[in-house]
There are 2 protein chains.
Amino acid sequence: MNLKEIAELAGVSTATVSRVINGSGPVSPATAERVLNIIEQQGYVPDKIAKSLRMGQTRTIGFVVPDISNPFFPEVLNGAQAVCAEHGYSIILGNTNEDVDTEAKVVRSLRVQHADGLLMILVDESGSTLRSALGARTQVSSSGRRSGLPIVFIDRYIRGFEYDSVIIDNEGGTTQATDYLLELGHTKIAMIHGPLTTTPGERRLRGYMKAMRDAGVPVRSEYVAEGDFRTRSGYEIAGRMMELADPPTAIIGGNNLMTIGIFQRLADMGVCIPDRVSLIGFDDFTLAANLTPALTVVDRPMADMGRIAAELLLSRIEGRDESATRQVILPTRLKIRDSCRRCIDCAVRS
Amino acid sequence: MNLKEIAELAGVSTATVSRVINGSGPVSPATAERVLNIIEQQGYVPDKIAKSLRMGQTRTIGFVVPDISNPFFPEVLNGAQAVCAEHGYSIILGNTNEDVDTEAKVVRSLRVQHADGLLMILVDESGSTLRSALGARTQVSSSGRRSGLPIVFIDRYIRGFEYDSVIIDNEGGTTQATDYLLELGHTKIAMIHGPLTTTPGERRLRGYMKAMRDAGVPVRSEYVAEGDFRTRSGYEIAGRMMELADPPTAIIGGNNLMTIGIFQRLADMGVCIPDRVSLIGFDDFTLAANLTPALTVVDRPMADMGRIAAELLLSRIEGRDESATRQVILPTRLKIRDSCRRCIDCAVRS
DNA sequence: TTGTAGGCGTTATCAC
DNA sequence: GTGATAACGCCTACAA
């Protein structure tokens with residue numbers, strides 16, 4: 001069933017039917033009703049593909065994500081999905097498997113499919129694969145207006161691209177966590193951060209450094225180590241640190257997965273949390289409150305990140321927002337549970 | 001850059017360029033090379049939308065899921081995604097929010113978008129919304145051949161639809177779990193199952209019943225209750241059961257979320273696992289092994305479910321498989337950890 | 001208020 | 001081997 005058949009059934013032209021459907025021109029009430037009835041009775045629905053071809057837009061947005069199995073991403077996706085659905089947009093999922101080359105491939109594919117916009121949680125923050133995948137013409141023109149495919153970066157900010165981004169106050173998050181540990185009397189505070197080439201890796205480390213410096217507590221290099229945001233690296237680094245002659249009395253995990261790794265390692269080593277080591281994780285997750293002890297974490301509004309990013313993207317796509325590039329920064333919040341305790345050394349000393 | 005421009009640049013017709021690209025007809029090596037060079041140098045990529053319109057297929061498959069936040073679904077999605085990507089298919093995500101009406105809406109939308117096939121984890125097992133969303137012509141024709149949109153059901157089997165499905169041995173899973181508890185001497189075994197209108201709800205209960213009957217242990221009605229697969233219902237039902245004058249000494253949770261709820265409630269009530277109650281969950285999840293105690297669970301191959309379903313679907317889409325409707329049943333496996341212990345009553349008695 | 005006709009970028013059927 | 005040309009289903013000047 002297509003436009004033409006409906007038109008014939010109604011005894012009008014395809015133009016008229018199209019006008020009835022889209023309200024895109026004057027139609028007499030009488031014919032409108034006749035056409036509507038036939039559409040209804042035939043269960044006719046316009047073909048999206050044909051419409052896309054004609055209109056040059058697909059009402060489809062690409063969501064590029066490094067790894068759906070990481071519980072953080074579905075939360076963000078959920079928020080974005082809801083907003084997109086409201087506006088009649090579908091989401092095409094692009095999984096990059098944390099791999100830079102796959103990422104470029106995925107972006108290219110999304111472009112060929114004519115996604116109207118992209119929501120991206122990137123792996124490659126250098127932007128080089130992205131640039132190659134997008135082609136040169138996606139830069140800002142001299143007039144300052146963006147051209148090409150609208151994109152909103154989530155969780156990562158990519159230098160050299162004039163695109164919007166929705167991130168969180170990574171620095172503030174770890175500063176808060178570190179301050180809290182300092183208040184509890186800890187000074188031997190370790191930070192297992194993510195890759196410094198990534199925004200969340202670098203900023204979270206910076207927040208920790210800042211808090212330490214502001215408190216006048218020297219940072220010991222053996223207490224700072226770089227992981228790769230995966231469970232395994234948290235597991236391994238935590239082990240190395242606890243085997244130090246003078247191990248830390250508190251550890252901050254750079255993301256959810258690494259924190260889980262740290263937690264596992266401490267359990268395996270029989271190191272009691274929080275008696276011997278206090279632990280704070282970045283990112284809350286379903287079972288954090290049910291571990292023993294319940295984990296104190298830096299929480300952030302994951303679904304909101306998705307929602308806000310989607311809203312921003314749609315406003316760009318639909319031309320409602322022509323303003324300059326935006327960077328939305330959402331706040332984090334320390335959720336205090338039971339994995340931190342007053343430092344014993346400190347209590348003895350004071 | 002489109003076909004026509006390439007053709008002009010190469011001094012040939014669009015038909016020839018198309019033949020070069022698709023190998024769909026004879027082309028002299030010389031022109032082929034010339035055309036290929038120009039395509040390369042221009043960075044030309046065929047427009048998928050136009051191709052879809054012409055070909056009547058989109059190389060797109062819809063993945064319908066009740067709730068992406070439930071860790072089970074991303075795992076399945078991951079498996080399916082990988083296979084689809086290999087075959088050049090993209091996945092459009094349809095989130096139903098566990099809601100029957102949304103489900104119908106999502107299916108309709110996927111149909112209008114001309115998804116080539118559907119991978120569905122359904123909420124409505126009655127099939128009525130599905131039937132209405134699909135239209136009548138999706139039934140089996142008299143010749144026994146399916147017609148219409150290829151679909152593979154995951155995790156749920158829908159009566160009255162001649163579609164393939166990939167499910168697991170739900171019954172065997174709970175039978176195994178129950179047998180294990182029986183071996184440990186438990187007889188007061190509770191089962192908190194999911195809605196009986198769903199395959200996993202009904203079958204898992206059945207497996208429990210079977211094991212109890214085979215062991216000659218009577219099932220007490222106060223030990224069997226229906227939840228809704230969500231955390232909250234596990235939490236509430238577990239509370240009610242433990243307040244019984246004669247509470248169970250072991251509980252089986254009907255899915256991951258409800259098990260988490262049960263776990264939380266027992267913790268909140270100060271009921272020690274496994275000393276006072278043994279607990280087995282259906283579905284493994286990331287932190288199950290890191291809870292205290294580590295949770296014994298019935299595990300199932302989630303990514304495999306997605307992979308196999310996607311392979312089945314693609315084989316149907318591409319017409320490689322014309323055989324009768326298939327039902328793939330994957331085995332479960334009991335992962336014994338620390339949340340179960342020999343029944344104390346039993347030890348006293350024997 | 002309504003209809004005609006062209007074109008979005010492909011592929012495929014014919015001729016040549 | 002190659003080239004016109006007609007669809008695919010829709011929207012939208014432009015004309016009437």
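Lettering of chains follows the sequences in order, A, B, ..., and the numbering in each one begins at 1. Keep in mind the model is a prediction, meaning the values are calculated, not measured.
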Enumerate all atom pairs, one protein N or O and one N or O from nucleotides 2-6 of chain C, separated by less than 3.5 Å.
from	atom 1	to	atom 2	distance (Å)
dT2(C)	OP1	Ser28(A)	OG	3.2
dT2(C)	OP1	Thr31(A)	OG1	3.3
dT2(C)	OP2	Ser28(A)	N	2.7
dT2(C)	OP2	Thr31(A)	OG1	3.0
dG3(C)	OP2	Ser13(A)	N	2.9
dG3(C)	OP2	Ser13(A)	OG	3.3
dG3(C)	OP2	Thr16(A)	OG1	2.8
dG3(C)	N7	Arg19(A)	NH2	2.8
dG3(C)	O6	Arg19(A)	NH1	3.2
dG6(C)	N2	Arg54(A)	NH1	2.9

### Task
Using the test ring-ring contact (aromatic ring centres under 6.0 Å, His included), find all partners of Phe153(B) that sit at least two apart in sequence or belong to another chain.
Tyr163(B)
### Query
How many Å lie between CD1 on Ile21(B) and C1' on dA12(C), as a whole number?
14 Å
### Residue-phosphate contact under 4.0 Å: Tyr44(B) side-chain N/O, dT10(C) OP1/OP2
yes
### Shortest side-chain distance from Pro46(A), nucleotide among dT10(C), dC8(D), dC10(D)
dC10(D)
### Message
Could you check whether Asp164(B) pairs with Arg326(B) (Lys NZ or Arg NE/NH1/NH2 to Asp/Glu carboxylate O, under 4.0 Å)?
### Response
no
### Task
Give a yes or no on whether the backbone of Asp101(B) and the side-chain of Asp99(B) come within a donor-acceptor separation of less than 3.5 Å.
yes
### Query
Of all residues at least two apart in sequence or in a different chain, which pass the side chain to side chain donor-acceptor pair (under 3.5 Å) check with Thr198(A)?
none
## Note on the structure
From CE of Met1(B) across to P of dG9(C) the rounded distance in Å is 11 Å
### Query
Which residue, Ser18(A) or Ala50(B), contacts DNA chain D at a nucleotide closer to its 5' end, judged by nearest heavy atom?
Ala50(B)
### Message
What I'd like to find out is whether the side chain of Glu125(B) reaches to under 4.5 Å of the side chain of Pro200(B), using heavy atoms alone.
### Response
yes
### Task
Check the distance between dC8(D)'s C1' and Leu53(B)'s CG and give it to me in whole angstrom.
4 Å
### Query
How close or far is atom P of dG9(C) from atom NZ of Lys48(B), stated in whole angstroms?
17 Å
### Query
Above 12 or not: heavy atoms from other molecules or residues under 6.0 Å from CD of Glu40(B)?
no
### Rounded distance (Å) that lies between atom C1' of dC8(D) and atom NE2 of His114(B)
10 Å
### Query
CD of Glu5(A) versus P of dC8(D): gap in Å, rounded?
10 Å
### Query
dC8(C), dT10(C), dC10(D): which one has an atom nearest the side-chain heavy atoms of Lys51(A)?
dC10(D)
### Message
In whole Å, I'd like the distance from the CE atom of Met55(B) to the P atom of dA6(D).
### Response
21 Å
### Query
Whole Å only: how far is the NZ atom of Lys4(B) from the C1' atom of dA4(D)?
13 Å
### Query
Hey, mind stepping through Thr58(B) and Gln113(B) against side chain to side chain donor-acceptor pair (under 3.5 Å) and telling me if it holds?
CA-CA 9 Å; Thr58(B) 56; Gln113(B) 281 178 73; over 6 Å; no
